[in-house]
Amino acid sequence: MNSMKTQSSVVVKKFGGTSVGSIERIEQVAERVLGDTRKGQKPILVASAMSGETNRLVSLASEINPAYRGEAYDMLLASGEQVSISLLAMALEKRGLKPEPLLAYQLGIQTDSLFSKARILSVNHEKMNSIIAAGKIPIVAGFQGVNEIHKITTLGRGGSDTTAVALAAAIGADSCEIYTDVPAVFSADPRLVPKAKELPVLRYDEMMEMASLGSKVLHFRCVELAAKYKIKIHLRSTFEKREGTWIVPEEEAMENPVVSAVTHEPLTAVIKLFPVPKGTGFLADLFDKLSKNNVVIDIITQSHNEEGQRLAFSLPMEDLEQAKEIIGSSYGDQVNISVMQDKAKISIVGVGMRNYTGVAYRFFNCLNKNEIDVDLVTTSDIKVSAIIDKDKLSQAAIGLHSEFGLDNDQ
Ligand code: ADP
Ligand code: ASP
Ligand code: MG
């Protein structure tokens with residue numbers, strides 16, 4: 001991505017859906033921004049759609065065709081941010097500031113053409129700099145971009161975080177502020193694990209793993225971009241004056257606990273295929289077809305006995321309808337397809353795992369004590385993940401959080 005060193009008083013600040021979820025909250029955000037400008041800051045604002053709005057748009061689309069992901073889907077979903085940046089601009093204007101609300105195509109946030117999961121390729125920093133030089137405050141619609149033939153794209157759910165870090169990278173900033181409805185990144189989602197504790201500092205690799213394993217507090221690609229451009233992410237509450245969490249390069253993080261967080265992904269499905277042809281040709285063909293349609297595949301297992309070869313894999317619920325359609329039309333007459341929808345993924349993450357043995361034992365022992373069965377499993381040197389029944393998710397998260405000494409009273 002192109003980038004240019006900027007003045008240190010320019011700060012990118014992203015406000016999430018709850019932070020702009022009502023007129024009252026938008027007015028609060030505007031008050032906060034006014035205070036920042038009085039202290040000499042020159043903010044670049046990024047906003048998400050008002051909370052609930054993107055979900056509402058997704059369900060309207062699903063009523064027509066749950067498997068459709070194409071240009072009209074992205075155009076629809078991107079509309080939520082147009083509303084919030086306009087309202088925020090009006091609230092700033094009322095306070096005597098000079099806002100300039102910008103959709104992605106107006107600013108020049110260029111992406112590839114993967115509708116519903118597009119990647120940012122470049123940002124027009126000159127345009128942003130000229131707006132700031134004119135004494136104005138850019139308010140950029142998060143989550144959206146434009147492809148090379150001027151079609152509106154979206155960056156995947158939660159993608160406004162990525163817009164913010166991409167803008168910070170484009171202007172050469174060394175940090176980016178993400179304002180949200182929790183005061184920090186916690187050792188587990190505080191809505192699921194009441195004893196979760198705030199984490200003041202996290203390394204990029206830990207946060208990336210947490211984000212990719214379902215912790216929606218930050219979008220995966222935003223952390224990936226931040227790591228690439230060494231931009232520190234400062235996540236904090238919009239409504240409380242607390243320090244929050246810093247996500248920083250490896251060398252700046254002090255501690256390496258064995259497990260730093262328990263992460264979950266509640267919207268998971270498992271597809272089982274039986275009998276599938278022996279060898280790897282079928283697998284290559286299947287996963288090629290799915291990836292060409294932007295279906296994300298997570299854990300894959302394969303086994304065989306005398307009856308034949310079985311394949312099982314997990315995927316996000318949002319991709320399930322598309323996957324079923326592709327598999328049904330391509331192989332429906334050769335293999336039995338079964339789908340399990342009420343699944344969830346539970347994971348533990350920690351860079352300290354690299355130096356300890358027995359982590360997997362403690363993970364499975366804890367699930368076993370809680371009588372929780374596992375469908376699929378995967379591990380890396382900094383995580384262990386398992387697919388379990390969704391109705392056991394809370395029990396699993398609370399149990400593992402305590403097992404690895406993360407409770408705030410431990
Ligand atoms: P925003 O609209 O501000 O982007 P999100 O809803 O996308 O906010 O993300 C914030 C939410 O992420 C929190 O309300 C919380 O429930 C959830 N969350 C999941 N895992 C964590 C975690 N480890 N720490 C903090 N919040 C988490
Ligand atoms: N509004 C989008 C969503 O709900 C993007 C975001 O909130 O970051 O997914
Ligand atoms: Mg979010």
Side-chain angles (χ1 to χ4, degrees), residues 14-23 25-26 46-88 103-104 111 113-118 141-145 151-163 180-182 189 191-192 211 214-221 264-271 290 293-298 314-329 339-345 389-391 393-394:
K14 178 256 171 176
F15 293 91
T18 317
S19 312
V20 294
S22 65
I23 296 301
R25 290 194 157 168
I26 289 175
V46 175
S48 297
M50 295 170 83
S51 54
E53 181 58 13
T54 314
N55 285 346
R56 188 182 75 86
L57 298 169
V58 168
S59 51
L60 290 177
S62 329
E63 279 183 47
I64 295 175
N65 179 359
Y68 173 75
R69 296 289 183 273
E71 68 176 88
Y73 184 82
D74 284 37
M75 183 180 276
L76 173 73
L77 261 60
S79 67
E81 275 70 14
Q82 181 164 349
V83 173
S84 56
I85 60 166
S86 312
L87 293 170
L88 184 55
L103 296 172
T111 70
S113 296
L114 276 185
F115 291 114
S116 85
K117 289 178 188 131
F143 178 54
Q144 56 176 261
K151 305 272 188 200
I152 295 172
T153 55
T154 59
L155 310 179
R157 299 303 309 273
S160 300
D161 300 330
T162 300
T163 307
T180 186
D181 59 356
V182 279
D189 187 342
R191 291 176 208 266
L192 190 71
S215 170
K216 69 169 197 153
V217 67
L218 281 174
H219 192 231
F220 172 74
R221 283 199 185 138
H264 72 286
E265 171 51 73
L267 302 174
T268 301
V270 173
I271 294 185
L290 293 173
N293 286 280
N294 302 341
V295 171
V296 174
I297 301 301
D298 191 15
S314 63
L315 72 170
M317 275 297 289
E318 67 170 321
D319 291 349
L320 180 62
E321 289 303 323
Q322 259 186 310
K324 275 171 31 186
E325 202 175 275
I326 295 161
I327 298 170
S329 63
V339 177
M340 299 190 285
Q341 301 206 21
D342 291 325
K343 294 291 168 185
K345 184 161 72 171
D389 285 346
K390 201 195 218 134
D391 59 5
L393 184 57
S394 149

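In what follows, residues are counted from 1 in the order of the sequence shown.
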Worked verdict on R221 versus L155 for side chain to side chain contact (heavy atoms under 4.5 Å, CB included): CA-CA 9 Å; R221 283 199 185 138; L155 310 179; 5.7 Å; no
Gap separating the OG atom of S113 from the CD atom of E71, nearest 0.5 angstrom: 10.0 Å
Mind checking the NZ-OG spacing from K345 to S314? Nearest 0.5 Å is all I need. 6.0 Å
Could you report the tightest heavy-atom contact between [X] and [Y], atom names first, then the distance?
| X | Y | result |
| --- | --- | --- |
| V46 | G142 | CG1-CA, 3.8 Å |
| L76 | S79 | O-OG, 2.7 Å |
| G21 | M50 | O-CE, 3.7 Å |
| E321 | P66 | CG-CB, 3.8 Å |
| A49 | V20 | O-CG2, 4.0 Å |
| V296 | L315 | O-CB, 3.4 Å |

Looking at side-chain heavy atoms only, is the closest gap between [X] and [Y] below 4.5 Å?
| X | Y | result |
| --- | --- | --- |
| Y73 | V58 | yes |
| L103 | Q82 | yes |
| L114 | T153 | no |
| S394 | H264 | no |
| M340 | D342 | no |

Okay, side chain of [X], backbone of [Y]: is any donor-acceptor separation there less than 3.5 Å?
| X | Y | answer |
| --- | --- | --- |
| E53 | G80 | no |
| D161 | H219 | yes |
| Q144 | A104 | yes |
| D189 | R191 | yes |
| T163 | F143 | yes |
| S59 | N55 | yes |

Taking side chain to side chain donor-acceptor pair (under 3.5 Å) as the test, write out the residues that go with T54, two or more places apart. none
Applying side chain to side chain donor-acceptor pair (under 3.5 Å), name anything that partners T268, two or more places apart in sequence or on another chain. none
Does the side chain of D74 pick up a donor-acceptor pair with the side chain of T154 at under 3.5 Å? yes
Pair I271-L320, side chain to side chain contact (heavy atoms under 4.5 Å, CB included): steps then yes or no: CA-CA 9 Å; I271 294 185; L320 180 62; 3.9 Å; yes
In plain terms, say whether D181 and R25 are close enough for a salt bridge, that is, a side-chain N and a carboxylate O under 4.0 Å apart. no
Between E81 and S160, does the side chain to side chain contact (heavy atoms under 4.5 Å, CB included) criterion hold? Intermediate values first, please. CA-CA 9 Å; E81 275 70 14; S160 300; 3.8 Å; yes
Partner of D319 under salt bridge (charged side-chain N to carboxylate O under 4.0 Å, His left out), picked from K324, R157, K117, R69, is K117
